[in-house]
**Q** 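Below you will find the structure I want to go over with you.
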Amino acid sequence: LFLDAANQVVRDEVMWEGSVNHVQIHPREVVRLALDVGASALILAHNHPSGRPKPSREDISLTHHIVRACELLDIVVHDHLIIAAYGVFSMRKANHHLFEVLDT
C-alpha cells in the first residue's frame, strides 16, 4: 500500500507474483513506484501459501533493504505483513529494530 502524508491510500499495487515458495523482489522497484505516486509511507504485505506466517530469512532481509532504501528518501515503511491461513505476522511488532531510523 502506498500512502500519502496523512496515511491515506494513494495506490494499492500487486507488484509481483511468485511460485509456491519463491518470488524475486526488487527494492528499487518498490521505491520507484513510491516516488512515482508521491507516497510518503508504505505498508508492505505478502502471503505465505504454506499457511504459516513465520518470516523467512529472506523476508527479514528484504524488509531491511526496503526500509533502508526508503529511509534515504524520507519514505516511512510502517510495517511488512505476512498473511497466511493460520494468521498474520507483523514484522514491525516482532522485529521493530528493522524499522528504526538510523542516526546519520
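As the structure is a prediction and not an experimental result, all values here were calculated from the model.
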**Q** Which atom names give the shortest non-hydrogen contact between P53 and G87, and what distance separates them?
**A** CB-O, 3.6 Å
**Q** So which atom in A39 and which in I75 form the shortest heavy-atom distance, rounded to 0.1 Å?
**A** O-CG1, 3.9 Å
**Q** Nearest 0.5 Å, what's the CG-CD1 distance between N7 and I43?
**A** 7.0 Å
**Q** With a 3.5 Å distance limit and no angle check, can you tell me whether D79 reaches the backbone of M91 through a side-chain donor-acceptor pair?
**A** yes
**Q** If hydrophobic clusters are built by linking Ile, Leu, Val, Met, Phe, Trp and Tyr wherever their side-chain heavy atoms come under 4.5 Å apart, do L3 and I66 end up in the same one?
**A** no
**Q** State, yes or no, whether a side-chain contact exists between F2 and V9 at a heavy-atom distance under 4.5 Å.
**A** no
**Q** Find the distance between CG (L35) and CG (L73) and round it off to the nearest 0.5 Å.
**A** 5.5 Å
**Q** Can you list the residues that meet the side-chain contact (heavy atoms from CB on, under 4.5 Å) rule with H64, with sequence neighbours excluded?
**A** R68, L98
**Q** Answer yes or no: is there a side-chain heavy-atom contact under 4.5 Å between L44 and V77?
**A** yes
**Q** With heavy-atom distances below 4.5 Å as the criterion, would you say the side chains of V76 and L42 are in contact?
**A** no
**Q** Taking C-beta and beyond as the side chain, do P27 and L62 meet within less than 4.5 Å on heavy atoms?
**A** yes
**Q** Would you indicate whether the side-chain heavy atoms of N47 and P49 approach each other to under 4.5 Å?
**A** yes
**Q** Around atom CZ of R52, are there more than 12 heavy atoms from other residues, nucleotides or ligands closer than 6.0 Å?
**A** no
**Q** Apply side-chain contact (heavy atoms from CB on, under 4.5 Å) to H96 and list each qualifying residue two or more places apart in sequence or on a separate chain.
**A** E100
**Q** Establish, yes or no, whether a centroid distance under 6.0 Å links the rings of H48 and H46.
**A** yes
**Q** Kindly say whether S56 contributes a backbone atom to a donor-acceptor pair with the side chain of D59 at under 3.5 angstrom?
**A** yes
**Q** Keeping S61 on the side-chain end and R57 on the backbone end, is there a donor-acceptor pair under 3.5 Å?
**A** no
**Q** Please round to the nearest 0.5 Å and tell me the distance separating atom SG of C70 and atom CZ of F99.
**A** 10.5 Å
**Q** Check whether any side-chain heavy atom of L81 lies under 4.5 Å from a side-chain heavy atom of S90, and answer yes or no.
**A** yes
**Q** Do R92 side-chain atoms and H78 backbone N/O form a donor-acceptor pair below 3.5 Å?
**A** yes
**Q** Restricting to non-hydrogen atoms, name the atom on S40 and the atom on A5 that form the minimum distance, rounded to 0.1 Å.
**A** OG-N, 3.5 Å
**Q** Working to the nearest 0.5 Å, report the span between OG1 of T63 and CD of E58.
**A** 11.5 Å
**Q** Do the non-hydrogen side-chain atoms of L33 and R11 ever get within less than 4.5 Å of each other?
**A** yes
**Q** Output the distance between atom CG (N95) and atom CZ (F89), rounded to the nearest 0.5 Å.
**A** 5.5 Å
